[in-house]
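Below is one structure, written out as structure tokens; comments come after it.
The structure displayed is predicted, hence computed values, not measured ones.
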Amino acid sequence: MWWGGRGQSFNIAPQKEEPEMGSVQESRMPEPRSRQPSSCLASRCLPGEQILAWAPGVRKGLEPELSGTLICTNFRVTFQPCGWQQNEDTPLSSEYDFALVNIGRLEAVSGLSRVQLLRPGSLLKFIPEEIMIHGRDFRLLRVGFEAGGLEPQAFQVTMAIVQARAQSNPAQQYSGITLSKAGQASGSRKPPVPLMETAEDWETERKKQAARGWRVSTVNERFDVATSLPRYFWVPNRILDSEVRRAFGHFHQGRGPRLSWHHPGGSDLLRCGGFYTASDPNKEDIRAVESMLQAGHSDVVLVDTMDELPSLADVQLAHLRLRALCLPDSSVAEDKWLSALEGTRWLDYIRACLRKASDISVLVTSRVRSVILQERGDRDLNGLLSSLVQLLSAPEARTLFGFQSLVQREWVAAGHPFLTRLGGTGASEEAPVFLLFLDCVWQLLQQFPADFEFSEFFLLALHDSVRVPDTLTFLRNTPWERGKQSGQLNSYTQVYTPGYSQPPAGNSFNLQLSVWDWDLRYSNAQILQFQNPGYDPEHCPDSWLPRPQPSFMIPGPPSSVWLFSRGALTPLNQLCPWRDSPSLLAVSSRWLPRPAISSESLADQEWGLPSHWGACPLPPGLLLPGYLGPQIRFWRRCYLRGRPEVQVRRENKTGSGRRDLTLLNQMNGSWKGKELKAGGTGK
């Protein structure tokens, strides 16, 4: 990413004014030869950013090696090559810059065998000849220090990084970029993507989806129904807010059923938390819950989201194993690396997510019905599956604007606990579910390159943004926390009236910058790289199916209720657990009859009987990805950024840690253009 603050320069404090480095004082290092930074530091800083230490060095690991300066500030560690022009933007989440909270491991090296792992609070035992900074986003920064009297500066900058890491707080927003950007703006400013913080945002999106049977509810405007839910969401027209409030009280964490996406053919995709079986609803509440789940449809499918998908602990363990495998000092033998990659289970979990999302897309697309995603917490796998289903089924979600809006609505506004899942709270619930989702999207981009307007570079930028604490997008767990931090919580109640949704004067809605303000960190030239040059304009939403499409969908059987689990539909007698049966999620659902997984795909089962499909097996606009064997590929450009000798192709490669590119290319083989046995086609 690229820093804002154009035209500003680093606020370089003299060495004598730097914060005391306890370890430096105790070691009584000799004074450095140079007291002022060299001309290589012709760059810019952000408001409030201050350099703590610096040292001349050489960037290693890439060819050719770059001479420059390693700088530690109160926010980041950056390497500035000599000759850096003042009118250039400084890369943040590139090979040069690391936010302090992104540093996963810091190592000091002296000689060929002396290596010290420096944890926050550690004391450096020798003058380093080289340091290695391992990013939590798989990047690596190797800097060798110059000799000839500059050794004390190498010692000081290393200890400055150690102490700055100890003082950094993953949950604390660095507002320097925001302040810099706000100083350039004049007057009101419209966010590049609707933040879904106002009733008007929700009403605009509802109209765009043509969800005529739904309305914007304001029942949670004060966050008194659930702090993890957005202020506004969609509920059926005929359901009163008083009924919504009572019905939501019978779901885990108050996260009752609400609309995620309306298919143009008539189906509705809903999401909700698990049933709270300890409650004792009356008949009116049960009737309201059932009415919200049915959403006016006679055919209802309840999807057990957690079935066949990894748990949070599984995702975290797989990601840790993947990161360890991709480190330069991985001890895995050359000929065992691919099997070790499979052993991480990361690719298996991607397969499972894509397969389930494909099945749900078939359920939504094949018949007019209500499809309900039910997860106990409704904040992790529900968001992943809902987003993937929309990417597979809705071409507008594959545009750059549409995808950003999708992430904002289904992840940020829906209350995905980013801070906890990314390890910012130190809790045991860390699990990078969102990064798993981004890998799934990358897989789709590889299989259907002409269907996506955004590029791999955009996915990498979004992947790296979760480790940059410049906006509140990924620094908070709930919309309530973001609103409280940004000062958007007000004492008034906004009553939505179509066409009259402006908040009272003095309100600060939409003034908070978000991750979608890419010009905070990227130049215009780099933002242009977010566009996929292989995108086919014929796949844009204007060429999709007309709305409505009455002949496209098949009416479901009257009053049919199903549980979708293990790739098959099982009939249910009722939707709610409070009538003669236990909860489907509170207890094991093994009591339900489960047919064996059919060798036929769900698409074949759903579309096998209708004769009007003719020779066209899939409706236009629907993507069904392959997920068998090597159809799931390894995201080398993301995960091997710390291994440039592997990730970058060049002649005369050297280095003992080199992997066999031939084997990796076999995994990343030319599957495009071949028929996929899972029901889709690569393009």
When you measure from the side chain of [X] to the backbone of [Y], do you find a donor-acceptor pair of N or O atoms at a distance under 3.5 Å?
X	Y	value
Gln374	Gly273	yes
Asp299	Val368	no
Asn532	Pro449	yes
Arg379	Thr478	no
Arg482	Leu472	yes
Ser168	Phe75	no
Arg369	Leu363	yes
Glu243	Leu240	yes
Arg271	Asn382	no

| message | Determine whether Arg136 and Glu430 satisfy the following criterion, salt bridge (charged side-chain N to carboxylate O under 4.0 Å, His left out), listing intermediate values before the conclusion. | response | CA-CA 13 Å; Arg136 301 179 65 194; Glu430 180 178 355; 3.2 Å; yes
Do the ring planes of [X] and [Y] sit parallel (below 30°), tilted (30 to 60°) or perpendicular (above 60°)?
X	Y	result
Phe530	Trp518	perpendicular
Trp411	Phe418	tilted
Trp202	Trp234	perpendicular

| field | Sidechain N-carboxylate O distance under 4.0 Å for Arg409, Asp201 | value | no
| request: Please test Phe248 against Phe233 for ring pair (Phe, Tyr, Trp, His ring centres under 6.0 Å), starting from the C-alpha separation and ending with a verdict. | output: CA-CA 12 Å; Phe248 275 41; Phe233 43 79; 5.3 Å; yes
| note | Residue set satisfying side chain to side chain donor-acceptor pair (under 3.5 Å) with Asp241, at least two apart, ordered chain then number -> Arg215, Ser217
Just checking, is any N or O donor in the side chain of [X] or [Y] under 3.5 Å from an acceptor N or O on the other one?
X	Y	answer
Glu410	Ser386	yes
Trp635	Glu456	yes
Gln404	Gln408	no
Glu200	Thr204	no

| message | Apply side chain to side chain contact (heavy atoms under 4.5 Å, CB included) to residues Phe564 and Asp307 and explain how you reach the verdict. | response | CA-CA 9 Å; Phe564 180 73; Asp307 183 45; over 6 Å; no
Closest non-hydrogen atom pair between [X] and [Y], with its separation:
X	Y	value
Leu445	Phe454	CD1-O, 3.7 Å
Arg206	Ala211	NH1-O, 2.9 Å
Ala295	Trp214	CB-CZ2, 3.5 Å
His252	Gly377	CD2-CA, 3.9 Å
Val407	Phe437	CG2-CE2, 4.2 Å
Leu293	Pro257	CD2-CB, 3.6 Å

| field | OG on Ser455 to CG on Leu460, rounded to 0.5 Å | value | 8.5 Å
| field | Atom pair CD1 (Ile360) and CG (Leu392), whose distance is rounded to the nearest 0.5 Å | value | 10.0 Å
| Check: Phe403 ring centroid to Phe452 ring centroid under 6.0 Å | no
